[in-house]
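Computation of the quantities below employed the complete heavy-atom set of this structure, encompassing side-chain atoms and omitting hydrogens, waters and symmetry-equivalent molecules. Chain naming here is simple, since letters A, B, ... match the order of the sequence lines and numbering starts at 1 in each.
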There are 2 protein chains.
Amino acid sequence: MQVQAIELQKRIDRFQELCRTRGVRLTPQRLEVFRAVAASSAHPDAEMVLRGVQKRFPNVSLDTVYRTLWMLNDLGLVGTLGRRDSVRFDAESRPHHHYVCRRCQRVWDLMEHNPTAFAPPGEATKLGTIQEVRLEVQGVCTDCEKTDKAKRPPSKAARTKTTRTPS
Amino acid sequence: MQVQAIELQKRIDRFQELCRTRGVRLTPQRLEVFRAVAASSAHPDAEMVLRGVQKRFPNVSLDTVYRTLWMLNDLGLVGTLGRRDSVRFDAESRPHHHYVCRRCQRVWDLMEHNPTAFAPPGEATKLGTIQEVRLEVQGVCTDCEKTDKAKRPPSKAARTKTTRTPS
DNA sequence: CTCTTTGCAAATTTTTTGCATGCGC
DNA sequence: GCGCATGCAAAAAATTTGCAAAGAG
């Protein structure tokens, strides 16, 4: 699960260049966080990245890892699996894909049936059984485009947890 | 964002039938949770489902909603967007897909390039801009197949939060 | 009547934030 | 030196679990 040294160096160069281009401050922590993600093909979560980074910088904190990872994500240098917010459900039974707006988080079902899209890549069959193939298109919906800037819901903190002792 | 009454009824019938077939107890809460998901095409999260259910059953609790949703997921009646565990990162820059093992949660990159798979369905272009197309194949990897049964890590609770006062 | 499911509350887990200090540029 | 980034700790958000009481089959 290790990335080749040459490929890794290529990625790091690109990162450093992007930092200069985009005016992002290049700190040792950030470099190390990026190295940890770029060097692994195990798709680590934040905690795994932390462990990797701590080998060289024993006192980096998990929050720095999170901050850096999302920053790298903004820069387009790392991708994510899973959403940072809550899990969403749907009961549409026909096979379909999703379009997800990265600003308002709304989801549309894409019913257009391109059968090849649901055919699992042959490569996958060698890895194990296949239970589901899921395609997700991400972008910014036209509504959000119009009203530019993200309008995050006013921090759910305000809401009273559940309906606990309503009186 | 409402599902047609006929389609909704069809889904509910299927749910009730599956309950009988699979020996799942059909409680009013469960029916209502399913109705809430099946009636919406907004891909609600657990809290949104709760709000829908509470219109008829003001005292259902969020935990029941969660329990029911995952149960419906097991039954194959609802699908999910996003993972229930933590977000994972990767720094692979070439376009690629993922194979995710539902037991050990490991992820493999699928580099096999089927260009059509990355072409966003035309339907999506009408909804907004497109930033990324992501395909995820889910299943059980051969390793886990061999050692059947899921071997969930022994509840991360055991671990000492971070490196807080190690002495 | 029995055994599953519910509601409640508290615990767990994951992620974010406020603030004083430190370091890249 | 200035201002963003870090570390720390604590908050927030999301989800799960233990347990007594209620209800389905």
Q: For atom CZ of B/Arg83, decide whether the heavy atoms of other residues, nucleotides or ligands shown that lie under 6.0 angstrom number more than 12.
A: yes
Q. With the sugar-phosphate defined as primed atoms, P, OP1 and OP2, and the base as all remaining atoms, what B/S/- string results for nucleotides 16-25 of chain C, 5' to 3', for protein heavy atoms under 4.0 Å?
A. BBB-----BS
May I have the distance from [X] (atom [atom1]) to [N] (atom [atom2]), rounded to whole angstrom?
X: B/Arg22; N: C/dT5; atom1: CZ; atom2: C1'; value: 18 Å
X: B/Glu47; N: D/dT15; atom1: CD; atom2: P; value: 10 Å
X: A/Gln54; N: D/dG7; atom1: CD; atom2: C1'; value: 12 Å
X: A/Gln105; N: D/dA13; atom1: CD; atom2: P; value: 15 Å
X: A/Leu75; N: D/dA5; atom1: CG; atom2: P; value: 11 Å
X: A/Leu50; N: D/dT6; atom1: CG; atom2: C1'; value: 14 Å
X: A/Met71; N: C/dT15; atom1: CE; atom2: C1'; value: 17 Å
X: A/Asp85; N: D/dA14; atom1: CG; atom2: P; value: 8 Å

Q) Side chain of A/Glu32, backbone of A/Phe57: donor and acceptor closer than 3.5 Å? A) no
Q. Is a side-chain N or O of B/Ser40 found less than 3.5 angstrom from the main chain of B/Val37, in a donor-acceptor match?
A. no
(Q) For residues B/Trp70 and B/Leu62: do they belong to one hydrophobic cluster (side chain heavy atoms under 4.5 Å, members Ile, Leu, Val, Met, Phe, Trp, Tyr)? (A) yes
Q) Out of A/Arg88, A/Glu92, A/His98, which one pairs with B/His43 under the side chain to side chain donor-acceptor pair (under 3.5 Å) rule? A) A/His98
Q: Show your reasoning for whether salt bridge (Lys or Arg N to Asp or Glu O under 4.0 Å) applies to A/Arg94 and B/Glu7.
A: CA-CA 12 Å; A/Arg94 287 162 294 179; B/Glu7 172 63 20; 5.1 Å; no
Q: Give a yes/no answer on whether the side chain of A/Gln29 brings an N or O atom under 4.0 Å of OP1 or OP2 in D/dG7.
A: yes
Q. Given the rule in the side-chain contact (heavy atoms from CB on, under 4.5 Å) test, do A/Leu77 and A/Leu18 qualify, once you have shown the distances and angles that lead to the verdict?
A. CA-CA 9 Å; A/Leu77 284 169; A/Leu18 256 183; 3.8 Å; yes
Q. With nearest nucleotides of DNA chain D determined for A/Val87 and A/Asn59 from heavy-atom distances, which residue corresponds to the more 5′ nucleotide?
A. A/Asn59
Q.
By nearest atom, which of the nucleotides D/dG7, D/dA14, C/dT6 is closest to the A/Ser86 side chain?
A. D/dA14
